[in-house]
Amino acid sequence: DGGITQSPKYLFRKEGQNVTLSCEQNLNHDAMYWYRQDPGQGLRLIYYSQIVNDFQKGDIAEGYSVSREKKESFPLTVTSAQKNPTAFYLCASSVAGTSGHRSNEQFFGPGTRLTVL
Amino acid sequence: DQQVKQNSPSLSVQEGRISILNCDYTNSMFDYFLWYKKYPAEGPTFLISISSIKDKNEDGRFTVFLNKSAKHLSLHIVPSQPGDSAVYFCAASLTNNDMRFGAGTRLTVKP
């Protein structure tokens, strides 16, 4: 089955600790994205990557870091510098392409709920 | 600066009736619009999309309308079914696949 997996589903960490969220896709998609969702807000883009070994900051990149060493994997590290890390984190992927085509569709993983105690 | 807005946080309709979910955007450069459906504790799933060169796209019970002059799009679900109960996100993208999401509207379809 092709799809996106995120692990773990729930994650608890103590304040001040770094934590890495996993995201893997076997859809052969070039582009991958990380969003966070907070109550009453839409999905906000943290980082995205259009190709291996390249990534760009989204709207709320402060306190986060990513890597894209493999096409299939786009892990997100929530660092101790992130002031309010408790949230629902979603990873997505898409076929990189031009606008007006189905490639704009992003496929989402099931999400990871991170709670910092 | 929220470029995509869904002003109704919730909507409740009776089974069999029409559900209309609304979305407004501010950036005229958006050229592709999508609706996603999300169940609790799951990732959003793609529902339907529309290019800025069109004003309507239909897929079964779901129809999306785009009014570019008003920077407004809507999703119509008819007839509504209890299984349609979920949070619906409107999204708009720029040419570089940069996608912006609205805050979502929680739809409840009552039997």
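Below, chains carry the letters A, B, ... as their sequence lines are ordered, and counting in each starts from 1.
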Give me the atom names and distance for the closest heavy-atom approach of [X] to [Y].
X	Y	result
A:L90	B:G43	CD2-CA, 3.6 Å
B:F89	A:Q37	CZ-NE2, 3.3 Å
A:F88	B:E42	CE2-O, 4.0 Å

Should the heavy atoms of other residues, nucleotides or ligands under 6.0 Å from [atom1] of [X] be counted, would the total exceed 12?
X	atom1	result
B:K5	NZ	no
A:Q41	CD	yes
B:R61	CZ	yes
B:I18	CD1	yes
A:K9	NZ	yes
A:R44	CZ	yes

Same hydrophobic cluster for A:L45 and A:L114, using side-chain heavy-atom links shorter than 4.5 Å among ILVMFWY?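 Looking at the clustering, A:L114 is in a separate group from A:L45.
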B:K38 versus chain A, the contacting section by heavy-atom distance below 4.5 Å: side chain
Quick check on B:P9 against chain A: is it the side chain, the backbone, both or neither that has a heavy atom closer than 4.5 Å? neither
Can you tell me how far apart OH (B:Y36) and CZ (A:F108) are? Round to the nearest 0.5 Å. 5.0 Å
A:D59, part contacting chain B, at a heavy-atom distance under 4.5 Å: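 The answer is the side chain of A:D59.
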Report yes if some heavy atom in the side chain of B:Y32 is under 4.5 Å from a heavy atom in the side chain of A:E105; otherwise report no. no
Heavy-atom pair count under 4.5 Å with chain A, highest-scoring of B:G104, B:P44, B:C90, B:S52: B:P44
